[in-house]
Protein chains: 2
Amino acid sequence: MLVNDLIRDLPLDEEATHAHTGAWVASVLRTKIAEGQLRPGTKLSEQALAQALGVSRNTLREAFTVLGNELIITRIPNRGVFVASPGINDVKEIYAVRRMIEPAALHWGPKLNVPALERIIKKARTALASGKIEAMATANQRFHEEVVRASGSAQLQELMTRVLAQMRLVFHAMSDAPDFHSHYVELNASLVDMLRDGEREQAATALRNYLDVAETELLSHLEERMDADGN
Amino acid sequence: MLVNDLIRDLPLDEEATHAHTGAWVASVLRTKIAEGQLRPGTKLSEQALAQALGVSRNTLREAFTVLGNELIITRIPNRGVFVASPGINDVKEIYAVRRMIEPAALHWGPKLNVPALERIIKKARTALASGKIEAMATANQRFHEEVVRASGSAQLQELMTRVLAQMRLVFHAMSDAPDFHSHYVELNASLVDMLRDGEREQAATALRNYLDVAETELLSHLEERMDADGN
DNA sequence: GACGTGAGATTGTTGAACAATCTTGGTTTT
DNA sequence: AAAACCAAGATTGTTCAACAATCTCACGTC
């Protein structure tokens with residue numbers, strides 16, 4: 001029918017700066033938040049931000065709705081929008097997601113790419129050896145993204161990206177945090193060893209244990225910083 | 001359904017200044033699409049819809065961005081927005097998600113609630129027995145939502161809700177479809193039997209096989225309707 | 001020191017406006 | 001007659017200005 005013809009050849013563009021100004025603004029804010037230039041809890045004033053970015057308030061609000069869906073900003077009605085500052089419950093939610101989809105991807109994912117995982121491990125190791133903990137942390141993140149890519153699902157991968165973005169916010173909220181990433185590099189490597197041997201189920205359960213440990217470790221640090229407000 | 005028809009059965013809602021008008025508009029459209037009153041491929045004209053719903057174009061566009069994130073509408077730049085008409089690739093994506101998170105929830109989910117699943121099975125059986133296939137289909141849907149609820153993750157559950165909404169669109173696009181749901185009621189029941197016995201891993205693999213079968217069955221029906229445009 | 005209270009600021013929403021792009025229907029060309 | 005062309009009209013993308021509703025905060029009252 002007619003409408004189907006129109007939908008069929010959708011270019012699916014993503015760049016083309018003027019395609020969607022709202023999406024452009026969202027991506028700008030997303031990276032500013034991910035890089036820590038906008039700290040958790042910061043208020044994002046509509047008027048000021050719209051002027052600073054050179055867009056109208058309406059367009060900025062469009063960006064806010066997409067960032068709100070990604071849970072990296074918090075909208076309080078008639079109060080404004082703030083960079084999300086994840087708390088204990090948010091961390092539990094993050095790990096609830098990860099404990100499901102990461103082991104499932106390892107165990108059942110149809111697009112498991114062990115060589116790609118090995119490359120990432122190698123990169124993380126050299127970064128760690130040369131003391132570049134920032135590069136090592138991002139390599140670590142890419143490792144988990146690659147794991148979920150094995151699922152073969154774009155929506156799951158997008159969810160994982162969102163969850164990892166929330167994780168970065170957690171770390172930005174705890175600037176006094178110790179190095180949480182370093183000692184996971186070798187754990188990731190051992191997972192890859194199992195996968196190389198075809199022991200996918202074993203790798204999945206190992207990853208579940210690993211995530212349990214990581215969660216409790218993170219939570220204990222969080223709990224001693226926040227006084228039981230639970231959020 | 002024409003947008004003019006929307007005007008007719010709307011004024012039931014009072015003018016209770018909705019917390020977020022954009023979200024309210026999104027929910028109205030969401031249910032109209034889920035119920036099949038807005039068929040896949042229908043064009044949603046901004047001007048007409050805004051007038052029909054009694055909101056401004058800007059507010060309507062805010063609703064469009066959230067529905068676009070949920071993949072139940074398709075936005076084509078400078079062309080307009082249409083009710084999504086999922087194709088073969090979309091069905092593959094849907095099942096890629098379900099094959100990951102549903103078995104994972106069954107296998108590992110910390111909040112597995114077997115009695116709740118039993119109640120839903122019972123409801124589906126009575127609906128099937130009395131020939132109410134519509135009620136049976138929604139019970140079936142609730143079964144899978146309850147499965148994912150076992151994950152204990154709000155984000156995964158929301159993703160599942162979105163995916164099931166896309167599934168409904170698939171069925172709405174195939175109005176000539178046979179009854180896909182009926183013969184899954186007993187399969188769901190057998191899953192619950194395994195779970196009642198604590199055989200969670202067995203239930204997980206059974207569900208994976210079940211989803212494989214369902215996907216190929218659906219795809220074969222789709223492929224004979226569409227001529228390999230792949231989308 | 002606790003408690004209204006009102007002015008000012010901020011958000012939620014609207015309507016109008018304009019450029020850019022698409023659609024349509026008629027016109028020209030082959 | 002079929003294909004290419006082209007201008008008028010409609011639709012989308014974006015901005016601006018305005019207003020109501022709500023919140024913030026300093027101020028005065030008890």
Side-chain angles (χ1 to χ4, degrees), chain A residues 1-29 38 41-69 72-84, chain B residues 1-4 6-7 10-11 13-29 38 41-69 72-84:
Chain A
M1 77 182 294
L2 201 116
V3 189
N4 276 337
D5 295 348
L6 300 184
I7 296 177
R8 187 179 308 154
D9 43 19
L10 196 164
L12 189 57
D13 60 342
E14 187 68 42
E15 55 283 351
T17 48
H18 285 297
H20 274 352
T21 311
W24 153 261
V25 172
S27 82
V28 168
L29 292 178
L38 290 170
T42 305
K43 171 161 186 177
L44 303 177
S45 158
E46 292 192 355
Q47 177 127 6
L49 248 190
Q51 198 156 2
L53 295 171
V55 300
S56 74
R57 266 181 68 212
N58 285 347
T59 304
L60 176 60
R61 290 179 120 263
E62 193 172 322
F64 279 165
T65 73
V66 353
L67 295 179
N69 280 359
I72 70 182
I73 66 172
T74 302
R75 289 187 102 158
I76 305 181
N78 293 313
R79 289 274 220 84
V81 317
F82 305 83
V83 179
Chain B
M1 178 186 206
L2 298 178
V3 283
N4 283 334
L6 282 177
I7 309 177
L10 267 178
D13 288 300
E14 75 296 337
E15 287 299 328
T17 321
H18 326 95
H20 288 294
T21 312
W24 173 75
V25 172
S27 83
V28 169
L29 292 178
L38 290 169
T42 305
K43 172 160 185 177
L44 302 177
S45 158
E46 292 192 354
Q47 174 128 4
L49 248 191
Q51 198 157 2
L53 295 170
V55 300
S56 75
R57 266 182 69 212
N58 285 341
T59 305
L60 176 61
R61 289 181 121 263
E62 192 171 324
F64 279 164
T65 72
V66 358
L67 295 179
N69 281 358
I72 69 183
I73 65 173
T74 302
R75 290 187 103 158
I76 306 181
N78 293 312
R79 291 271 213 89
V81 318
F82 305 82
V83 179

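Below, chain A is the first sequence line, B the second, and so on; all start at residue 1. Computation of the quantities below employed the complete heavy-atom set of this structure, encompassing side-chain atoms and omitting hydrogens, waters and symmetry-equivalent molecules.
In this structure, CG in Leu38(A) is found 7.5 Å from CG in Leu49(A), a value given to the nearest 0.5 Å. With values rounded to the nearest 0.5 angstrom, Leu53(B) atom CG is found 11.0 Å from Thr21(B) atom OG1. Taken to the nearest 0.5 Å, the NZ atom of Lys43(B) stands 5.0 Å off from the CZ atom of Phe82(B).
In this structure, Phe82(A) places its CZ atom 12 Å from P of dT10(C), rounding to the nearest Å. Atoms CD (Gln47(B)) and C1' (dT14(D)) sit 16 Å apart, rounded to a whole Å. Rounding to whole angstrom units, CD of residue Glu62(B) and P of dT13(C) are separated by 7 Å. Rounded to an integer number of Å, the gap from CG of Leu53(A) to C1' of dT15(D) is 15 Å. One atom, CD of Glu46(B), and another, P of dT11(D), lie 11 Å apart when rounded to the nearest Å. A straight line from NZ of Lys43(A) to P of dC23(D) spans 12 Å, rounded to a whole angstrom. What separates CZ of Arg61(A) from P of dT10(C) is a distance of 15 Å, to the nearest Å. Note: CZ (Phe64(A)) to P (dT13(C)) measures 15 Å, nearest angstrom.
Comparing Gly22(A) and Arg79(A) along DNA chain D, the residue whose closest nucleotide (by nearest heavy atom) sits nearer the 5' end is Gly22(A).
Proximity of Arg75(B) to the phosphate of dT12(D): no side-chain N or O atom is located under 4.0 Å from OP1 or OP2.
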With B for base contact, S for sugar-phosphate-only contact and - for none (protein heavy atoms under 4.0 Å), nucleotides 14-21 of chain C reads BB-B---S
Can you pull every protein N or O that's under 3.5 Å from an N or O on nucleotides 5-9 of chain C?
none

Sequence neighbours excluded and cut-off under 3.5 Å, please list the side-chain donor-acceptor pairs for residues 58-66 of chain A, or say none.
| unit_1 | atom_1 | unit_2 | atom_2 | d |
| --- | --- | --- | --- | --- |
| Thr59(A) | OG1 | Ser56(A) | OG | 3.2 |
| Arg61(A) | NE | Glu46(A) | OE2 | 3.1 |
| Thr65(A) | OG1 | Glu62(A) | O | 2.8 |
| Thr65(A) | OG1 | Thr65(B) | OG1 | 3.2 |

